[in-house]
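For the numbers below, each heavy atom of this structure counts, side chains included, while hydrogens, waters and symmetry mates do not. Naming: A, B, ... by sequence-line order, numbering from 1 per chain. Not measured: the values here are computed from a predicted model.
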Amino acid sequence: MTKALFHSLAALKYPPKLFLILAIATALQLFATTKLAAQVDSSLKTKDTLHPRLGHQLRLSFDLSRPVMNQIQSTHNGYEAAVDYYFKNELYFVLEGGAGSATYDYPDLSYQTNSAFFRLGFDKTLLKRMNRKDWDMVFMGMRYGMSSVQRQEAAYSLVDSVWGSTNGIIPAKDFLAYWLELTGGVKVEVLRNIMLGWNIRARFLLNGRSFTELSPIYIAGFGRGDKTTVFDFNFYVAYTFRWGGSKH
Amino acid sequence: MKIKPGFWILFLLLSGITGCTKDVRDPCLQPQTTAVLVHCVRHFDTSATLIDTALPNPVLHPLSSQPQQFYYGGVKRLVNFRLSLSNATDSSRWILRPDSANAMQDTLSFYYQRQLHFLSNACGYTYFYHLDSIQSTRNAIDSIRLEAADVTNDANVEHLKIIFK
């Protein structure tokens, strides 16, 4: 993991300007919200006689948008799920994972891919709680993602009316894709322990230059493999487990 | 955290985006064909200076196993033209007759290396070529000058100057 992270960061020779701007904006935002959270935390500490502890929360989420998109888009399909844990100071650790496949089928080019991925990162709540039972959140976060992609044999055809058409096969290939992403969104508790949420994501492929031979049309967890910057969104339904908190 | 109205508005907005997403292949926005761009010139008087010369009524056709096809037939005053190369072999030959009213013609033989090149998912594959040598008969043609050996899908590169007598 550390080695992969090192390689992927080393591969970031030409970071997009947008990435730098977003990274700086995120850093400033997180700095500001950390101070805000610290203030909130300290204000809560002053009331610790009334509310001794915030408690723990573990949340399991399933992305509802993927099954919907699977029905709409015939070229690829995928599934995503996430688990996050409330750490402290309005910071959540997040682990996301899933799998997907794609079929690219045209007369001049056809192939199939299968991929599985994970994303690791954190979410930071931007607004303060109304009370200790308030787990609604508006958040921003960062992720490091990695996907293992298996591309099967690709068949190509070149139409030439002068010299005659030719067909060929590109051998199958396995490879890894690494990316960083910024995310932001909302999660709301609509029923007791049941939450709904959406988030939007900006992803920046770190090793896109290695896909010059035949860039996969779809990388699960990332999106289009022939783009180095992609935007995506998720709709989550989540179930939360809470323990150790104040009853008040 | 009073965020519920905004939550539902954006939820519906993103649902709309999801519903409007279409499953359509991207259009190919770059040239898919690779061809040798030829420039017709002749010497100005007896000097080394080269000037454009227009082929009066040229006829070009490939020496291929396919039924012979004529190119530029009927197009008059041709200064530049393109010749495709076979992607199944390492050499291609073309017959060039500068004027259909005149039986004088030349054979151009191209010898090259092929390289399969991935353009994009939208455009698929094509072949790029590296020209090793070009030979021709010397009926209407005086000589041939290779200007650029790499033949790609860049349509602006002139690869060959044919110097006519």
Side-chain angles (χ1 to χ4, degrees), chain A residues 64-65 68-69 72-76 104-111 125-131 134-138 154-166 168 170 185-190 196-200 211-218 224-227 233-235, chain B residues 1-26 28 32-35 60-71 82-89 91-94 110 114-127:
Chain A
L64 291 176
S65 69
V68 174
M69 296 297 285
I72 295 171
Q73 297 187 319
S74 60
T75 56
H76 65 267
Y104 199 72
D105 189 14
Y106 292 96
D108 60 329
L109 181 62
S110 62
Y111 61 90
T125 303
L126 303 179
L127 299 179
K128 75 185 239 185
R129 295 170 187 267
M130 296 177 72
N131 54 61
D134 179 14
W135 288 90
D136 293 352
M137 58 190 288
V138 175
Y156 68 88
S157 176
L158 297 175
V159 177
D160 188 333
S161 60
V162 177
W163 301 101
S165 299
T166 53
I170 305 296
V186 176
K187 288 180 181 174
V188 175
E189 188 163 20
V190 291
L196 287 178
W198 57 261
N199 60 353
I200 54 176
F211 302 146
T212 53
E213 183 187 334
L214 173 52
S215 50
I217 193 67
Y218 177 71
R224 293 192 53 157
D226 53 357
K227 308 279 186 189
F233 57 88
N234 305 94
F235 296 122
Chain B
M1 224 181 278
K2 291 189 176 181
I3 55 177
K4 289 179 182 175
F7 170 81
W8 287 112
I9 289 169
L10 280 165
F11 189 91
L12 291 171
L13 186 66
L14 291 176
S15 300
I17 294 171
T18 306
C20 293
T21 303
K22 291 183 179 176
D23 189 13
V24 178
R25 189 185 196 187
D26 288 345
C28 178
Q32 293 173 275
T33 56
T34 54
L60 287 152
H61 64 92
L63 285 176
S64 71
S65 56
Q66 299 287 101
Q68 292 205 340
Q69 302 181 41
F70 290 80
Y71 290 85
R82 296 178 188 280
L83 299 175
S84 66
L85 302 175
S86 169
N87 55 42
T89 60
S91 65
S92 297
R93 288 195 295 170
W94 283 85
F110 297 86
R114 293 167 289 152
Q115 183 191 8
L116 187 64
H117 185 80
F118 176 68
L119 294 172
S120 67
N121 280 296
C123 302
Y125 279 87
T126 191
Y127 270 97

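Judged as a ring pair (Phe, Tyr, Trp, His ring centres under 6.0 Å), and not counting sequence neighbours, B:Phe110 has no contacts. Every residue meeting the salt bridge (Lys or Arg N to Asp or Glu O under 4.0 Å) condition with A:Arg224, not counting sequence neighbours, appears here in chain and number order: A:Asp226, B:Asp26.
Using a 4.5 Å heavy-atom threshold, the side chains of B:Trp94 and B:Ser84 count as touching. The shortest side-chain heavy-atom distance between A:Leu158 and A:Trp163 does not fall under the 4.5 Å cut-off.
With a 4.5 angstrom heavy-atom cutoff, B:Ser92 touches chain A via backbone and side-chain atoms both. Of the atoms belonging to B:Leu119, not a single heavy atom falls under 4.5 Å from chain A.
With chain A as the partner, the residue from B:Asn87, B:Leu116, B:Asn121 showing the most heavy-atom pairs under 4.5 Å is B:Asn121.
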